[in-house]
Amino acid sequence: MSDDAQALHVETRTVNSQPVVTICGDVDLRSAPQLRRQLLSAPRTGDGSLLVDLSGVEYMDSSGVGTLVYVKREVEDRKGKVILIGLQPRVRSVLEITRLDKFFNIVDSTDEVAGK
């Protein structure tokens, strides 16, 4: 955790009539608990899906990855799914190295969500 880490900002916006949780900033040990709380309380789509736009996240450490795994399992227990949108290259690389890119539904843009 560096002193110049970008503070986490989470907001929900509507895209194509669906709620999308948009995350900006670094997801690390310091911000992961906040992210977990906000994702678990975020609005879902009609089928219970949680749409998470990570295009504003340039850095994510293992605690951030663990948070996403935890949230995914919680959402799936309620018969929903988590769809990650717009991964930056560093974040995508972390998921690929850990092979979690096969575990998550990942799309490049909100336009692709309908197919997932």
Side-chain angles (χ1 to χ4, degrees):
M1 287 184 285
S2 66
D3 291 335
D4 61 344
Q6 187 180 4
L8 190 69
H9 178 72
V10 180
E11 68 179 29
T12 301
R13 58 191 172 92
T14 302
V15 177
N16 299 329
S17 302
Q18 297 186 39
V20 177
V21 180
T22 303
I23 303 167
C24 294
D26 294 341
V27 182
D28 55 22
L29 184 62
R30 193 175 345 185
S31 62
Q34 171 194 350
L35 181 61
R36 178 186 293 195
R37 284 189 305 275
Q38 289 185 289
L39 288 177
L40 290 176
S41 66
R44 313 267 170 81
T45 65
D47 67 357
S49 295
L50 176 63
L51 309 180
V52 183
D53 182 348
L54 294 170
S55 60
V57 176
E58 293 186 20
Y59 174 80
M60 180 179 294
D61 70 7
S62 61
S63 59
V65 173
T67 295
L68 291 178
V69 170
Y70 178 85
V71 168
K72 181 180 188 296
R73 290 193 171 138
E74 289 293 311
V75 170
E76 287 178 347
D77 283 349
R78 295 175 180 87
K79 308 299 182 217
K81 59 186 170 185
V82 173
I83 299 175
L84 304 181
I85 304 166
L87 300 180
Q88 292 291 325
R90 280 178 73 181
V91 175
R92 183 178 292 273
S93 177
V94 169
L95 294 180
E96 288 172 351
I97 289 168
T98 58
R99 298 186 185 250
L100 289 172
D101 59 322
K102 308 294 185 226
F103 180 69
F104 286 102
N105 289 312
I106 300 172
V107 297
D108 291 327
S109 70
T110 54
D111 293 336
E112 295 178 49
V113 170
K116 291 288 182 175

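In this text, all values refer to a predicted model and were calculated from it rather than measured experimentally.
Tested against Gln34 for a side-chain hydrogen bond (donor to acceptor under 3.5 Å, both in side chains), the candidates Arg30, Arg37, Gln38 yield a single pass: Gln38.
Distance check, rounded to the nearest 0.5 Å: CG of Asn105 to CG of Leu84 gives 8.0 Å. Note: Lys81 NZ to Leu50 CG = 12.0 Å, rounded to the nearest 0.5 Å. Separating the CG atom in Asp61 from the CG atom in Asp26 is a distance of 9.0 Å, to the nearest 0.5 Å. We find the CD1-CG distance between Ile23 and Leu39 to be 5.0 Å, quoted to the nearest 0.5 Å. Atom CG of Leu51 is separated from atom OG1 of Thr110 by 9.0 Å, given to the nearest 0.5 angstrom. From Leu95, atom CG reaches atom CD1 of Ile106 across 5.5 Å, with rounding to the nearest 0.5 Å.
For the pair Leu68 and Leu100, the minimum side-chain heavy-atom distance is 4.5 Å or more. Side-chain contact check for Thr45 versus Pro19: some heavy-atom pair is nearer than 4.5 Å. Side-chain contact between Val57 and Gln88: absent, with no pair of heavy atoms (C-beta onward) separated by less than 4.5 Å.
The number of heavy-atom neighbours closer than 6.0 Å to CZ of Arg90, taken from other residues, nucleotides and ligands shown, is 12 or below. The environment of Glu74 atom CD is dense: over 12 non-hydrogen atoms of other residues, nucleotides or ligands sit within 6.0 angstrom.
In terms of heavy atoms, Ala42 sits closest to Val21 at CB-CG2, 3.4 Å. What you find for Ala32 and Ser63 is that their closest heavy atoms are CB-O, 3.8 Å.
The side-chain hydrogen bond (donor to acceptor under 3.5 Å, both in side chains) pairs that include a residue from residues 91-102 are Arg92-Asp108, where partners are two or more places apart or lie in different chains.
The backbone N or O of Ser55 sits less than 3.5 Å from a side-chain atom of Asp53, completing a donor-acceptor pair.
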